[in-house]
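In what follows, residues are counted from 1 in the order of the sequence shown. Any value given below was found using the heavy atoms of this structure, including those in side chains, with hydrogens, waters and symmetry copies removed.
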Amino acid sequence: MPVARTNCVGLVGVTGRLVEVEADVGPGIAGTHFIGLLDTAISEARGRVRSALINSRLAWPDARVTVSLFPATLPKRGSIFDLAIAIAVLGAAGAVPAQRIAAPVFVGELGLDGRVRPIRGVLPAALAAAEAGVRTIVVPALNAAEAALVPDLTVVPVATLGELVGWLRSGDLHRLPVVDDAASLTQDAEHVGGVEQDEHAEHGGDGVRIEQGTHAVHGGCARRAEDASRPAGPYGGDHGAPGPDLCDVAGQPMGRKALEVCAAGGHNLWMLGPPGSGKTMLAERLPTLLPPLDQEKALEVSAIHSVAGTLPPGRPLLTRPPFMAPHHSATMAAVVGGGSGGVVRPGAVSLAHRGVLFLDEAPEFATTVLDSLRQPLESGTVTIARAVGTVTFPARFMLVMAANPCPCGLQGTVGHPCRCTPAGRRRYLDRLSGPLLDRVDVKVKIGRATRAELLADRHFVETSATVAERVRLARERAAKRLAGTPWRTNAEVSSSALHRDFRLSDAAMAPLHRGLDVGTLSARGLDRVLRISWTLADLSCKDRPDQAETSAALALWLGVD
């Protein structure tokens, strides 16, 4: 019997690598042997694949079966290879035409009864297949809409191994069940990679076109126009009830202005104030001011959430910036990423990629967790090294931190004396290290608003849509100025470019020079203030910042000192 070959995709972080699956059915003592740097899940695939074939009324070869996954040096993990292994064995045994399985990519986990179960990471797998020149990918039916987001890729969804074998034998897509709409692909979900399906990648939604009379899905990311105008919920992309709106926050004009500046320039934010002053409300409304993700960024963000198994129900494509708010008891692996047993998962910093990471009660986080944020804040990536290899996840996020002024939170509150000692207050805020705060652009104090302030401010609050329009125009001005560079927001501009290509006049720099002379401004702080100055100029529709913008930027930088 000849050797049969087919293809699958191995995931390393959120990057896919094409893997060639070879199967040989030959003489020798009957048994199944796997080769190719495999983990436990793939080693156990022999039992799943054998039972799936038998229960699908397909014969398991009574011979020596050898399965090799190439390249052998690439670590291979998870149950994503089950379907490809089964098809390669059937091809080597002559049960399906070997030439028909050589070109497509097969991904999916097999149940013992022959069902093709949904898996994590289908979107990055489909992207890797398309980049490798593959034109057809076979995926579990419940992952079809997710894979169909990739342009120029024909997606064949299958629910059982038996129907896939029937299609491979006949080559007729009409043999597969007819799907009238993408929503039907989300039914009968059971279990995905250790999490319930409604917590993983849900399937049906934007950009999916399923041909009538066939089960083939043709990729393409065609986002609906109305999606861009819908307000995002606290976690981005909520499309049910209306999400939070900036007009809900009254009595905090400085807090609302700080949000607008941070949204326009992509700056990090630190808010200091007593409990109940509105810090969390402000942070949750920051995503409503950010522009929707374009197609490239939406696929990038959705791929991360696909690997993590956190795509929201019915949304295979995330079109709104994500919002992540881990609890202060979260471990470093939960925040930065990690895992055991060779399985490395993205953490909150990567799930917040192109969005917002909110640390409420920031001083309550472990010091090691807070200091671990310094590297991704600078580089936009996080690298996790393990004995089995090194994985790099994207982590370009906006950091928002909220803190009480002291452990009891009552310092500076009228009518409520603080019970903390000066040493206790100092130790509490010292948990936020100087190097971390040096990477935060905007710092504001949030106080409790009086009744008079609440009533007066009601006349000046603006909706998220109004502020988001100003943010959009400011970002367009910045993008036009930064055209031809690798940056798209002011917060990303490098230090050398700030002082060389975007150098300000001596008059505009005067307040900053005084800050450097008296020691209130560091060299890194100077760069942060310059970036804020350009954002303020963009919001004011100015070509360049002048002394008014640099002074205001310096005040935002020194806001809680």
Side-chain angles (χ1 to χ4, degrees), residues 249 252-287 289-290 323-326 328 330 335 348-349 352 355-367 369-378 395 397-407 409 411-412 425-448 489-491 515 520-522 524-533 535-536 552-561:
V249 187
Q252 299 296 349
M254 279 302 299
R256 296 197 304 271
K257 181 62 177 179
L259 285 191
E260 181 178 347
V261 172
C262 291
H267 305 290
N268 302 319
L269 173 65
W270 180 32
M271 295 180 287
L272 183 69
S277 56
K279 302 186 297 294
T280 301
M281 286 184 67
L282 286 166
E284 289 179 346
R285 281 146 183 81
L286 180 54
L289 309 183
L290 299 175
F323 180 89
M324 297 301 300
H328 60 75
V335 174
V349 297
V356 179
L357 176 67
F358 176 45
L359 303 184
D360 199 5
E361 304 293 345
E364 299 293 342
F365 281 79
T367 304
V369 172
L370 293 173
D371 287 340
S372 68
L373 299 176
R374 289 155 53 182
Q375 185 256 338
L377 284 173
E378 287 291 333
F397 58 91
M398 295 172 57
L399 175 65
V400 178
M401 296 190 297
N404 295 331
C406 63
Q411 182 184 10
R425 299 188 196 107
R426 186 170 57 253
R427 284 195 302 269
Y428 181 72
L429 291 180
D430 281 349
R431 297 176 186 176
L432 303 177
S433 65
L436 175 62
L437 293 180
D438 229 17
R439 290 167 169 82
V440 178
D441 305 354
V442 178
K443 309 177 182 73
V444 293
K445 283 186 177 179
I446 305 294
R448 286 181 178 173
T489 62
N490 293 319
T520 58
L521 195 62
S522 65
R524 182 185 284 122
L526 173 64
D527 294 342
R528 301 283 176 183
V529 173
L530 288 175
R531 295 183 181 106
I532 300 171
S533 302
T535 299
L536 292 172
L554 184 59
L556 289 172
W557 165 257
L558 300 173
V560 299
D561 291 347

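The distance from the OG1 atom of T280 to the CE atom of M271 is 7.0 Å, given to the nearest 0.5 Å. Taken to the nearest 0.5 Å, the CG atom of L259 stands 11.0 Å off from the CE atom of M281. Once rounded to the nearest 0.5 Å, the distance linking CG of D527 with OG of S522 reads 8.5 Å. Taking CG of L521 as the start and CG of L558 as the end, the distance is 7.0 Å to the nearest 0.5 Å. Atom CZ of residue F323 and atom CG of residue L290 lie 10.5 Å apart, to the nearest 0.5 angstrom. Taken from CG in L437 to CG in L432, the straight-line distance is 5.5 Å, to the nearest 0.5 Å.
Within the 4.5 Å cutoff, the side chain of L556 has no heavy atoms near those of the K257 side chain. Counting only heavy atoms from C-beta outward, the side chains of L377 and L436 approach each other to under 4.5 Å. Annotation: side chain of L272 is in contact with side chain of L429 (closest heavy-atom distance under 4.5 Å). Counting only heavy atoms from C-beta outward, the side chains of F358 and M324 never approach each other to under 4.5 Å. Considering only heavy atoms from C-beta on, L373 comes within 4.5 Å of V335 through its side chain. Residues H328 and L359 are not in side-chain contact: their nearest non-hydrogen atoms beyond the backbone lie 4.5 Å or more apart.
Heavy-atom minimum distance, M401 versus V440: CE-CG2, 3.8 Å. Of all non-hydrogen atoms in H267 and T535, the two that sit nearest each other are NE2-OG1, 2.7 Å. The two residues A552 and L536 come nearest to each other via the heavy atoms CB-CD1, 3.7 Å.
Put simply, the side chain of D441 never gets that close to the backbone of R528: no donor and acceptor are under 3.5 Å apart. Looking at R448, its side chain does come within 3.5 Å of a backbone N or O of P275 through a donor-acceptor pair. No donor-acceptor pair closer than 3.5 Å links the side chain of R439 to the backbone N or O of E378. Although no hydrogens or angles enter the test, the distance criterion places no donor-acceptor pair under 3.5 Å between the side chain of K279 and the main chain of I446. D371 contributes no side-chain N or O that, together with a main-chain N or O of S433, makes up a donor-acceptor pair within less than 3.5 Å.
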Should L282 and R256 be marked as a side chain to side chain contact (heavy atoms under 4.5 Å, CB included) after you check the CA-CA gap, both sets of side-chain angles, and the distance that decides it?
CA-CA 7 Å; L282 286 166; R256 296 197 304 271; 4.2 Å; yes
